[in-house]
**Q** 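This is the structure I want to talk about, given as structure tokens.
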Amino acid sequence: MSIEVRGIGKHFGNFTALDNVSLDFPTGELVALLGPSGCGKTTLLRIIAGLETAESGSVLFHGEDATEREARERKVGFVFQHYALFRHMTVFENIAFGLRVKPRRERPGEKGIRDKVTSLLKLVQLDWLAERYPSQLSGGQRQRIALARALAVEPKVLLLDEPFGALDAKVRKELRRWLRRLHDEIHVTSIFVTHDQEEALEVADRVVLMNQGRVEQIGTPEEVYEHPATPFVYGFLGSVNLFHGRAHDGVMHFGNLALDAPEHGGAENALAVAYTRPHEIEVGRFAPGDPGILARLKRALIVGPSARLELEREDGAGMIEAEIPSELHRRLALREGDTLLVRPRRTKVFLNAA
Amino acid sequence: MSATFALPMAEYRFPVRRRASGESALVKWSLIGTALAFLALFLFVPLAAVFHEALCKGLDAYIAALAEPDALASIKLTFFVAALAVPANLVFGVAAAWAIARFEFRGKSLLLTLIDLPFSVSPVISGLIYVLIFGAQGWIGPWLQSHDIKIIFALPGIALATVFVTFPFVARELIPLMQEQGSEEEEAAIVLGASGWQTFRRVTLPNIKWGLLYGVILCNARALGEFGAVSVVSGHIRGQTNTMPLHVEILYNEYQFAASFAVASVLALLALVTLALKSYVEWRVRHETSDPVTVGPQE
């Protein structure tokens, strides 16, 4: 089932949680809502679930307006950040809950419930935990039970609020791969909220980047990482170096460098910032007359195949982070304290808003 | 070698042991002794005195004092009033705690203050308020009289005063509990398709049941023992509007000490039962909230 939100707005007191947000979630996709805390992503998820009401705009399920539908009639599966398992029920009863509260006409018999719960426990690979209580499970196990409970009512949509936020790094990695495989198996339209860019890029079919109640960019993980649409997206998805300068007639000038920026052909001597990822920076020995920015190597950290360099600009404009192959690091025989020339190989130029 | 080793070890150990207990044995035992002596003087001795006085004329006199019609009527009335007040405050307490813990609304802190009012106002004043409203010279007293409705110096007045005095107990017990538990489990139930009633019965109630029972026990104890507020509104009509605490006072004022203490001993016994129940519930709460064996890493 597809989901569509149109012109959603929501305030909490003076704080704008969502500002006229419109999005499409096509059937069967796994979409990540990614952004820093307070960007409105969880509020949007709760509005889709019906746990929160929007002040303006509408929510459509499969093209039908569901804005006025109550949470319990929306037939969505919701997985909470802190699991929200019923603490006084066994794992079995937790999963069976959604079936037991159905109206008598739709409720399956005791055997039907047992079969369904057993198959879900097998799906999440925890069938040996049926008689345990939530307090006896690890965080990762609780989260998988929460997922099984949400799937018991066969929802057309699965909503996950920071599903791995409360887990330690190793379990988190395992569980997100598992979630991806599970989604490929059951293919239910899913939206998950996260503030972890790595998680979003690894798991999702598409990523929606949000900031301050607005959508910054929508795209596949590759698109948003390789072609960030806004400075915010650039900064949020991994580390980035900023070079301040001026753009004029489609060329950006900073230091003794001139970079092509054809998208700003109309700019006249406008203040601009060039964004460059660490691995898109070239580093070379200083030679008089060569173009580049002078920087002193403060620290080099070699991790496996790549070397991470921290460089301090000689003109006092701050630090530059570069990532080069370890092999090149060895070949150049770099020492801490060396003066080097730094050149961005690829940049994206944004004009200053002011 | 061993000799050179022993000396610094002994020197090292002493301050560590001192710090572990915090205070010297003298301070510790004098504190414990003071507390025990205080308890003995102000709690155990009076309690023992009640039973001693009640039984000093023999078991027959004790039973006769309790079987006397006015005494029986007061015992019955006390339980009847508690049976009215406790369920009323149970419903009110759950409703108020739910409203305060789950929703944001204007006047929430005012409601919290009002719930505490019976704790801060002297019970005699509480009783007097009802006399001023419903009494013969009160605001709506003449209207009540012309319609032949009796509230003051009758059962309704006693019940009202008791409800007023006991209403903070359940709400006060549940509010912090429900705030701590949060509403995620209820939201989970709703998203899974449960109705409001199903959510309350299957999720909310099981989570608060021990806190609720604890509040009910305290509420019940106070309802049975209330003196001040009830005294003002009851009128002390023997066999009709006398509750147990009032009956104790009347007998005592008439120098019927043995009979007075006999009725008092019933109240004391009820208090002991309450204490036992309260300890049991506390034990259960500790037992249920402390997690059993935990498997694997926690968040």
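Lettering of chains follows the sequences in order, A, B, ..., and the numbering in each one begins at 1.
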**Q** Does a side-chain heavy-atom distance below 4.5 Å link His195(A) with Lys41(A)?
**A** yes

**Q** Please classify the contact of Val76(A) with chain B as side chain, backbone, both or neither, using a heavy-atom distance under 4.5 Å.
**A** both

**Q** Using non-hydrogen atoms and a 4.5 Å limit, figure out which bit of Arg74(A) sits close to chain B: side chain, backbone, both or neither.
**A** neither

**Q** Measure Ala150(A) against the heavy atoms of chain B and call it side chain, backbone, both or neither at under 4.5 Å.
**A** backbone

**Q** Only heavy atoms, only distances under 4.5 angstrom. Which residues in residues 160-192 of chain B are near chain A?
**A** Gln181(B), Glu184(B), Glu185(B), Glu187(B), Ala188(B), Ala189(B), Ile190(B), Val191(B), Leu192(B)

**Q** For Leu85(A), is it the side chain, the backbone, both or neither that has a heavy atom under 4.5 Å from a heavy atom of chain B?
**A** backbone

**Q** Measure Thr199(B) against the heavy atoms of chain A and call it side chain, backbone, both or neither at under 4.5 Å.
**A** neither

**Q** Side chain from CB out, backbone as N, CA, C, O: work out which of these in Phe86(A) comes under 4.5 Å of a heavy atom of chain B, or both, or neither.
**A** both

**Q** Tell me, which pairs form a ring-ring contact (aromatic ring centres under 6.0 Å, His included) where one or both residues lie in residues 175-207 of chain B, sequence neighbours left out?
**A** Trp98(B)-Phe200(B), Trp197(B)-Phe200(B)

**Q** Please check if any side-chain donor atom of Thr67(A) sits under 3.5 Å from a side-chain acceptor atom of Asp65(A), or the reverse.
**A** yes

**Q** Which residues pass the side chain to side chain donor-acceptor pair (under 3.5 Å) test with Thr42(A), not counting sequence neighbours?
**A** Asp161(A)

**Q** Can a cation-pi geometry be assigned to Arg114(A) and Phe92(A), taking NZ or CZ under 6.0 Å from the six-membered ring centre and within 45° of the ring axis?
**A** no

**Q** When you check the gap from the basic side-chain N to the acidic O, do Arg69(A) and Glu64(A) get nearer than 4.0 Å?
**A** yes

**Q** Where does Arg100(A) contact chain B at under 4.5 Å (heavy atoms): side chain, backbone, both or neither?
**A** both

**Q** Measuring only between side-chain heavy atoms, which start at C-beta, is Leu160(A) closer than 4.5 Å to Leu147(A)?
**A** yes

**Q** With sequence neighbours left out, which residue pairs that include part of residues 39-71 of chain A fulfil the ring-ring contact (aromatic ring centres under 6.0 Å, His included) condition?
**A** none

**Q** State, yes or no, whether a side-chain contact exists between Leu30(A) and Thr189(A) at a heavy-atom distance under 4.5 Å.
**A** no

